[in-house]
Amino acid sequence: EEVQYKRPIWPLALVVHACFPVYFCFETAGALAPYLEGQRGFTDEQIGLLYAVSSIPVFVCVLIAAWLKGKIGPSWCIVVYSITISLGNLLVAFAPNFPVMMIGMAIFGAGCSPILGVMNVIMSLWFGNKSKESAKKLSYAYGISSGWGRFG
């Protein structure tokens with residue numbers, strides 16, 4: 001039996017697209033590793049440290065994200081975390097040296113995990129109620145978001 005969607009699908013497209021740069025930008029350090037090693041003289045340890053430093057803020061930012069979601073709502077949180085991710089990535093892209101690049105990765109990491117959590121909240125609010133059809137829609141939405149995010 002086919003499930004009929006009564007709500008527009010465009011909010012799903014907008015929210016799902018918010019997770020695309022998270023996965024894409026997280027992997028840029030690995031993709032740029034040959035350049036960073038050859039042109040900028042980075043070591044393998046420094047490249048690994050770029051990944052590590054983006055994961056450290058997650059522990060603190062998840063608590064702040066829950067508080068912020070309650071204060072300004074999930075829609076504005078998507079905007080705040082998108083700006084945070086963008087600023088971090090701009091700092092990494094134009095970093096003159098390794099310490100500035102680490103700061104950019106930390107700022108990027110501060111927005112990564114919270115934006116994924118808020119994205120899930122928005123999808124559950126948009127598609128969720130306690131019916132069987134709603135569960136099908138929500139699972140479809142999560143599948144689309146996961147697939148599109150990993151495509152990045």
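Excluded from the calculations below are hydrogen atoms, water molecules and symmetry mates; all remaining heavy atoms, backbone and side chain alike, are included.
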A.B. asks: Same cluster for Ile64 and Ile72 if Ile/Leu/Val/Met/Phe/Trp/Tyr side chains link at under 4.5 Å?
C.D. replies: no

A.B. asks: Which heavy atom in Gly104 sits nearest to a heavy atom in Val92, and how many Å separate them?
C.D. replies: C-CG2, 3.6 Å

A.B. asks: Answer with yes or no whether the hydrophobic clustering places Met105 together with Ile103; edges join I, L, V, M, F, W, Y residues whose side-chain heavy atoms lie under 4.5 Å apart.
C.D. replies: no

A.B. asks: Return the NZ to CD1 distance between Lys69 and Ile122, rounded to the nearest 0.5 Å.
C.D. replies: 9.5 Å

A.B. asks: Working to the nearest 0.5 Å, report the span between CD1 of Ile115 and SG of Cys77.
C.D. replies: 9.5 Å

A.B. asks: Which value, rounded to the nearest 0.5 Å, describes the distance between Phe42 atom CZ and Met101 atom CE?
C.D. replies: 4.5 Å

A.B. asks: Going by the side chain to side chain donor-acceptor pair (under 3.5 Å) test, which pairs reach into residues 40-49, not counting sequence neighbours?
C.D. replies: Thr43-Glu45

A.B. asks: Below 4.5 Å, heavy atoms only, C-beta onward: do Tyr81 and Leu116 meet side chain to side chain?
C.D. replies: no

A.B. asks: How many angstroms lie between CD1 in Ile85 and CG in Leu90, if you round to the nearest 0.5 Å?
C.D. replies: 12.0 Å

A.B. asks: About how many Å separate SG of Cys61 and CD1 of Ile107, when rounded to the nearest 0.5 Å?
C.D. replies: 10.5 Å

A.B. asks: Output the distance between atom CD1 (Ile47) and atom CG (Leu36), rounded to the nearest 0.5 Å.
C.D. replies: 5.0 Å

A.B. asks: When you group the ILVMFWY residues by side-chain heavy-atom contacts below 4.5 Å and let the links chain together, are Tyr35 and Leu49 in the same group?
C.D. replies: yes

A.B. asks: According to a hydrophobic-cluster definition based on side-chain heavy atoms being under 4.5 Å apart (Ile, Leu, Val, Met, Phe, Trp, Tyr only), do Met102 and Leu91 belong together?
C.D. replies: no

A.B. asks: Are Trp67 and Ile83 linked, directly or through other ILVMFWY residues, by side chains that come within less than 4.5 angstrom of each other?
C.D. replies: yes

A.B. asks: Hey, is the main chain of Val100 close enough, under 3.5 Å, to the side chain of Asn97 for a donor-acceptor pair?
C.D. replies: yes

A.B. asks: Please give me the minimum heavy-atom distance between Ser54 and Phe108, naming the atom from each residue.
C.D. replies: CB-CD2, 4.3 Å

